[in-house]
J.: 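To start, I am sharing the structure in question, which I have written as structure tokens.
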Amino acid sequence: MRTRSWLMVLFLLAGIGVVSWHQAPRAMACSCADLSIAEKAQSADLVAEGVVVGVDRPENAVSSADDATYTVELTRLWKGPDVPQVAVLSALEGPSCGLEGISEGTTIALFSRDDGGVWRSNLCDGTGPISESTIGEITAALGEPSALTPRAPESTTPSPGGDTGSPALPYTALIVAGAGLAALLVIRWWLRRRAAQAD
């Protein structure tokens with residue numbers, strides 16, 4: 001009888017352990033408030049369309065809450081500073097509300113918050129691959145976006161037809177002037193000598 005009771009207790013404890021193990025990931029999952037795109041746009045400090053040009057993930061991450069850095073080249077701006085590019089921090093993994101489904105080359109709708117001079121975004125802010133419906137909802141809430149032109153890199157190559165030979169011009173002029181002066185002196189000397197011989 002006592003043996004049967006102990007077995008029942010062990011089975012009960014094992015069952016509780018299995019249930020807890022299955023429910024643990026759910027308890028750790030990111031939980032977001034049910035907000036519309038318009039509400040997310042109103043609460044964000046930066047709302048833009050952009051292309052992800054770089055994703056930097058830490059090599060020795062301690063947890064899923066460690067930051068990854070997404071470099072985004074902005075193409076259209078609804079709200080926020082008029083800058084060509086931003087670096088946005090977000091948690092590494094979805095369970096910590098980190099951005100998901102975003103890789104280099106992805107065109108996204110960016111909803112970001114200014115966290116003491118650092119741009120941050122998470123799974124609940126609305127950032128993700130952009131769609132026509134998302135563009136429509138943002139525009140309805142914030143108005144028409146302004147188009148941003150990527151800043152062209154400065155070129156150190158001289159433009160075609162540029163004055164590439166100008167540094168040598170003064171030296172050429174000096175040589176020509178010197179040769180002309182020498183020729184005049186020779187002619188003057190020759191004329192004097194000829195006049196002296198005639199006398």
Side-chain angles (χ1 to χ4, degrees), residues 28-167:
M28 293 174 61
C30 179
S31 178
C32 301
D34 188 15
L35 300 178
S36 66
I37 294 294
E39 290 172 320
K40 292 176 181 178
Q42 294 292 347
S43 63
D45 297 310
L46 172 64
V47 183
E49 176 191 81
V51 179
V52 178
V53 295
V55 180
D56 184 17
R57 301 178 182 273
E59 295 182 359
N60 301 314
V62 177
S63 73
S64 64
D66 287 352
D67 286 329
T69 303
Y70 295 83
T71 303
V72 185
E73 187 173 275
L74 305 184
T75 53
R76 285 194 283 187
L77 181 69
W78 282 274
K79 181 181 181 181
D82 185 353
V83 292
Q85 193 176 89
V86 292
V88 181
L89 302 184
S90 183
L92 280 173
E93 305 290 344
S96 296
C97 294
L99 299 178
E100 292 183 328
I102 297 177
S103 58
E104 190 170 339
T106 305
T107 300
I108 63 171
L110 176 62
F111 299 79
S112 188
R113 293 165 285 104
D114 184 354
D115 184 14
V118 177
W119 292 111
R120 287 190 176 275
S121 185
N122 61 43
L123 199 59
C124 301
D125 290 333
T127 296
I130 201 163
S131 65
E132 290 299 323
S133 61
T134 301
I135 293 173
E137 290 184 63
I138 297 174
T139 301
L142 301 179
E144 290 294 331
S146 57
L148 299 179
T149 304
R151 185 177 299 171
E154 296 182 0
S155 175
T156 56
T157 304
S159 59
D163 190 13
T164 57
S166 58

J.: Taking all atoms of both residues into account, what is the closest heavy-atom pair of S103 and V52, and its distance?
T.: O-CB, 3.6 Å

J.: Got a second to check how far Q85's CD is from L74's CG, nearest 0.5 Å?
T.: 8.0 Å

J.: Rounded to the nearest 0.5 Å, what separation is found between the CG atom of L148 and the OG1 atom of T75?
T.: 7.0 Å

J.: Under 2.5 Å between the SG atoms of C97 and C32?
T.: no

J.: CD of E93 to OG of S63: how many Å apart, nearest 0.5 Å?
T.: 9.5 Å

J.: Could you tell me which non-hydrogen atom of E39 sits nearest to which non-hydrogen atom of D34, and how far apart they are?
T.: OE1-O, 4.4 Å

J.: Could you state the interatomic distance from CG (L77) to CG (L142), rounded to the nearest 0.5 Å?
T.: 10.0 Å

J.: Would you check if the side chain of D114 reaches a backbone N or O of D45 as a donor-acceptor pair within less than 3.5 Å?
T.: no

J.: Which heavy atom in N122 sits nearest to a heavy atom in R113, and how many Å separate them?
T.: ND2-NH2, 3.3 Å

J.: Please check this pair: side chain of K40 against backbone of I138, looking for a donor-acceptor N/O pair closer than 3.5 Å.
T.: no

J.: So, for A91 and S96, which heavy atoms are closest and what is the spacing to 0.1 Å?
T.: CB-O, 3.5 Å

J.: Please round to the nearest 0.5 Å and tell me the distance separating atom CG of L99 and atom OH of Y70.
T.: 5.0 Å

J.: For L89 and W119: C-alpha separation, side-chain torsions, deciding distance, then whether side-chain contact (heavy atoms from CB on, under 4.5 Å) applies.
T.: CA-CA 6 Å; L89 302 184; W119 292 111; over 6 Å; no

J.: Look at the side chain of T106 and the backbone N and O of I108, then say whether any donor-acceptor pair between them is shorter than 3.5 Å.
T.: no

J.: Are the side chains of W78 and I135 in touch, meaning some heavy atoms are under 4.5 Å apart?
T.: yes

J.: Could you give the distance from CD1 (I130) to CZ (R76), rounded to the nearest 0.5 Å?
T.: 6.0 Å

J.: Closest heavy-atom contact between C124 and S31?
T.: SG-O, 3.9 Å

J.: Could you tell me whether the side chain of P81 reaches within less than 4.5 Å of the side chain of L46, counting heavy atoms only?
T.: yes

J.: Sub-3.5 Å donor-acceptor pair from the side chain of S90 to the main-chain atoms of S121, do we have one?
T.: yes

J.: Where do D67 and R120 land on the side-chain contact (heavy atoms from CB on, under 4.5 Å) test, with the steps shown first?
T.: CA-CA 10 Å; D67 286 329; R120 287 190 176 275; 3.0 Å; yes

J.: Does any N or O in the side chain of T139 come within less than 3.5 Å of the main-chain N or O of G136, such that one atom is a donor and the other an acceptor?
T.: no

J.: Examine distances only and state if a side-chain atom of D125 and a backbone atom of T127 form a donor-acceptor pair shorter than 3.5 Å.
T.: no

J.: Which heavy atom of P58 sits nearest to which heavy atom of L92, and what is that distance?
T.: CD-CD2, 3.7 Å

